[in-house]
Amino acid sequence: MAAQSDTRPPGARPIPGPPAKPVVGNLLDLPSGRTIQTIVDLAARYGPMMHLTMLGQDLFVASGLEMFDDLCDETRFAKFVARPQKVMGTALPTRGLFTADSDDPLWKSAHEILLPAFSQRSIQGYHPMMVDIAEQLLLKWERLNPGEAVDVTADMTRLTLDTIALCGFGYRFNSFYRDTAHPFVQAMRTMLDESQAQLRIPGPVDRLRTRAHRRFAAAIELMTDTVQAIIDERRTSGEAGQDLLGRMLDGVDKAGLSLPDRDIVSQCITFLVAGHETTSGLLSFAVHYLTKNPAVAARAQAEVDEVLGTDLSVAPTAAQVGKLTYVPQILEETLRLWPTAPAFFRRPLEDTSVGGYEFRAGTPIMALSTALHRRPEIWGPDAAQFDPDHFDPARRSDIPPNAYKPFGTGARACIGRQFALQEAILVLAMVLQRFDLVDHAGYQLKIKESITIKPDGLTITLRPRGGRTTGQTPRAAATPVTTPQTRPAPVPPADRHGTPLLVLFGSNLGAAEDLATRIARDGTDRGWATTLAPLDDRVGAVRMGEASPSRADLPTEGAVVVVTASYNGMPPDNAAGFCDWLRGDTASAAGVR
Ligand code: HEM
């Protein structure tokens, strides 16, 4: 938020909003603990661009698709580090990925070093550790007495914290073996609550809160010491490892620079915070919706039984998790209604307009995904209803590109998105494989707000499902899923037709290159004359130093297959020139098949 006169040019089109009181503005309209929910309600009343003020600062709230189309344009807007993030970031030894400004050189280094740790390949490598922690949750639930209630959010928080700590740093919090939260978790909660609390407290009053500041400083110290001990232990072990910590200790960015120790501490804390709060909220909301929608739960259980089978002694493989389609739809729909990071902030790089409203460069604008995700003009008349078929594959192409933003946008979008989804799909599938989830107390959804949102006070009971076995039935009950897929027998040399097949890839982290290689190999087996190359190999002009290549070398004989990843809309390094060419005036693929 910023002082009023800095935010909009004189004579700019007025933005509707509720009347503000002197000094406090709209602060009293936004009750503590219901701030986000109230802003969502107000946005429904005042429209897709709304103006609030809090303690003399403007708060602009965007929730319409035309506003998101502007705010997600990376050439005109960037992340704005909002107050709670700033409070957290400045308290840590360095800012950390989540709280850094985009021009912070440490953000760039850490982003480059850590990105490979979130590639599809790396995430498959975390799968056994994800299963390890999921089994601890299930063991706890299996041992409950009949009818004993489960505190869903507390257990999902144990699960997600232990998962990110084990996959990221090889550290076990052992949360399922404790009655009370680990001291690190308590410290983290203090940090998050205080960062949020400072939003509502005027500066002079805040300076008098010495006890709260001491508690906050002690929490940061405890977290810093815990993480430093984990780093020291890893260093003395002599093996850096391939997890997040290993990559930070050993890795270098594109300029060959490594991360300073102080930054590694901040990044570790960032991952522990960012990596568990949101995913545990997602899983808890999903459980709530499943208890209230038995038909959805039954359809998901049928899918899980078909793909994972009914033998509970066999842990799911990563490939099986990848075969599930309806369980991911449930999670996507859950994040539509309750994106557990309910909003993010953007700022214009220069004076510009957002959905037809003019703003000065640098003005913070809240992108309220929670409200965007409920717009009937995007999601239909049943936008407020939970229905995973909003993400039915047949309807997916109707969803406009910027209509669904639970993971933020652009270069600063969530680096842990695939990690979170892989973990959540696995856990929900394993839960559904074993239990019917029972709403024993007629739970009415109540939201607990901090930096993230979660269901408050959600308890359920569990009914073990019938027809399960533990090791006595052959695995054939499940759909056989193997990886890699079996290859067809190669055609004999005499039958090779030799038609040219050019397979081009764009890939930073290897997944798209793997797929392209498989296609090329299958092509060769089927008698094609195959060539495999990075996309940029086909824009020779780039090598000659042209800013934007004027020609691409694509054959008109035979077939061309392009396989490319994109990172939040940006091309991989070895496809950047090709994309420039595609965007240019001379791009033509006439005759290319
Ligand atoms: C359902 C789960 C999750 C949701 C909804 C979520 C949501 C988000 C959102 C909206 C942002 C952008 C924030 C902004 O623009 O200010 C973000 C950033 C981030 N998330 Fe997540 N997240 C989830 C899980 C995870 C996990 C599992 C990890 C780590 C393993 C993670 C690590 C991060 C980090 C490090 C950033 C900052 C990225 C950067 O700016 O470079 N998140 N997340």
Side-chain angles (χ1 to χ4, degrees), residues 71-72 74 77-86 88-89 92 95-104 106-115 117-119 122-123 126 129-130 156-157 159-169 243-245 247-248 266-286 328 331-332 334-347 364-370 372-373 404-428 451-454 567-568:
L71 293 173
C72 295
E74 288 276 281
F77 293 85
K79 167 167 172 152
F80 176 81
V81 180
R83 178 84 188 277
Q85 293 185 356
K86 211 163 248 164
M88 243 181 341
L92 296 175
R95 282 294 189 80
L97 280 178
F98 184 57
T99 57
D101 287 313
S102 298
D103 56 4
D104 183 337
L106 277 178
W107 175 79
K108 192 164 173 292
S109 285
H111 181 77
E112 285 173 10
I113 289 170
L114 284 163
L115 207 51
F118 291 96
S119 69
S122 300
I123 286 169
Y126 304 139
M129 291 177 267
M130 290 183 177
M156 291 305 181
T157 303
L159 171 111
T160 52
L161 179 76
D162 283 20
T163 302
I164 180 65
L166 186 61
C167 297
F169 320 110
D243 57 8
L244 297 183
L245 179 56
R247 285 174 197 271
M248 287 191 280
S266 300
Q267 302 298 359
C268 289
I269 294 174
T270 301
F271 277 110
L272 288 169
V273 175
H276 92 285
E277 275 280 306
T278 40
T279 317
S280 67
L282 164 61
L283 278 162
S284 305
F285 279 119
L331 293 163
E332 286 177 296
T334 304
L335 281 177
R336 181 180 71 82
L337 288 173
W338 293 109
T340 48
F344 54 95
F345 277 83
R346 304 284 284 169
R347 64 179 165 88
I365 299 162
M366 178 191 262
L368 185 59
S369 30
T370 317
L372 171 80
H373 291 177
Y404 183 64
K405 289 281 169 184
F407 292 98
T409 197
R412 302 301 302 276
C414 182
I415 199 171
R417 177 187 184 140
Q418 289 311 326
F419 184 103
L421 292 176
Q422 180 78 14
E423 177 186 4
I425 296 167
L426 170 76
V427 171
L428 203 55
I451 270 184
T452 65
I453 51 173
K454 291 179 174 188
Y567 187 71
N568 298 312

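Predicted model, so just to flag it, every value in this text is computed and none were measured. Just the heavy atoms: all of them, side chains too, but no hydrogens, waters or symmetry mates, feed the values below. Residue indices begin at 1 and follow the sequence shown. Order of listing sets the numbers, starting from 1, for every ligand and every atom in it.
The protein heavy atom nearest to atom 11 (C) of ligand 1 is Phe407 O, 4.0 Å. Atom 23 (C) of ligand 1 has as its closest protein heavy atom Thr278 OG1, 3.2 Å. Ranking the protein heavy atoms by distance from atom 36 (C) of ligand 1 puts Phe98 CD1, 4.0 Å first. The shortest contact between atom 34 (C) of ligand 1 and any protein heavy atom is with Ile415 CG2, 3.9 Å. Shortest contact from atom 33 (C) of ligand 1 to any protein heavy atom: Ala274 CB, 3.8 Å.
Of all atoms in ligand 1, listed by their number and element, those nearer than 4.0 Å to a heavy atom of Ala420 are 2 (C), 24 (C), 27 (C). Within ligand 1, counting atoms from 1 as listed, the ones closer than 4.0 Å to a heavy atom of Ile164 are 30 (C). The atoms of ligand 1 that sit less than 4.0 Å from any heavy atom of Phe271 are 29 (C), 35 (C). Every atom of ligand 1 is numbered from 1 in the order shown, and the set under 4.0 Å from a heavy atom of Leu282 is 1 (C). Within ligand 1, the atoms closer than 4.0 Å to a non-hydrogen atom of Thr340 are 5 (C), numbered from 1 in the order shown.
Of the polar atoms of Gly275, none of the N or O atoms is found under 3.5 Å from an N or O of ligand 1, judged by distance alone. Remark: ligand 1 and Lys79 share an N or O pair separated by less than 3.5 Å (distance only, no angle test). When only interatomic distances are considered, the shortest N/O to N/O separation between Thr279 and ligand 1 does not fall below 3.5 Å. Checked against a 3.5 angstrom limit, the closest N/O atoms of Trp107 and ligand 1 fall inside it.
For an aromatic pair to be called close, the ring centres must be under 6.0 Å apart, and Phe271 with Phe118 satisfies this.
Between Glu277 and Lys454 there is a side-chain heavy-atom pair separated by less than 4.5 Å. Residues Leu272 and Phe169 meet the side-chain proximity criterion, which asks for heavy atoms closer than 4.5 Å.
From Glu423, atom CD reaches atom CG of Leu426 across 8.0 Å, with rounding to the nearest 0.5 Å. Atom NZ in Lys405 sits 10.0 Å away from atom OG in Ser369 (nearest 0.5 Å). Ile123 contributes atom CD1, which lies 6.0 Å from atom CD of Gln418 (distance to the nearest 0.5 angstrom).
Nearest approach of Leu97 to His111, heavy atoms of both residues: CD2-N, 3.8 Å.
Only the side chain of Phe118 comes within 4.0 Å of ligand 1, judged by heavy-atom distances. Only the backbone of Ala413 comes within 4.0 Å of ligand 1, judged by heavy-atom distances. Contacts between Phe419 and ligand 1 below 4.0 angstrom, taking non-hydrogen atoms only, involve the side chain exclusively. In Thr160, neither the side chain nor the backbone holds a heavy atom less than 4.0 Å from any atom of ligand 1. At a 4.0 Å heavy-atom cut-off, ligand 1 touches Phe344 through the side chain alone.
The backbone N or O of Pro342 lies less than 3.5 Å from a partner atom in the side chain of Thr370, making a donor-acceptor pair. Checking side-chain atoms of Arg347 against main-chain N and O of Phe77 turns up no donor-acceptor pair under 3.5 Å. In terms of modelled atom types and a separation under 3.5 Å, the side chain of Thr160 and the main chain of His276 share a donor-acceptor contact. Side-chain atoms of Ser119 never come within 3.5 Å of backbone atoms of Leu115 as a donor-acceptor pair (strictly under, hydrogens ignored). Judged by distance alone, the side chain of Arg412 and the main-chain N or O of Ala100 form a donor-acceptor pair under 3.5 Å.
No more than 12 heavy atoms of other residues, nucleotides or ligands lie within 6.0 Å of NZ in Lys108, so this atom counts as exposed by the packing criterion.
Contact analysis puts Gln85 in contact with ligand 1, with a non-hydrogen atom separation below 4.0 angstrom.
Between Cys414, Pro406, Gly408, it is Pro406 that holds the heavy atom closest to atom 5 (C) of ligand 1. Of all the listed residues (Lys108, Arg412, His276, Glu277), Arg412 holds the heavy atom that lies closest to atom 40 (O) of ligand 1.
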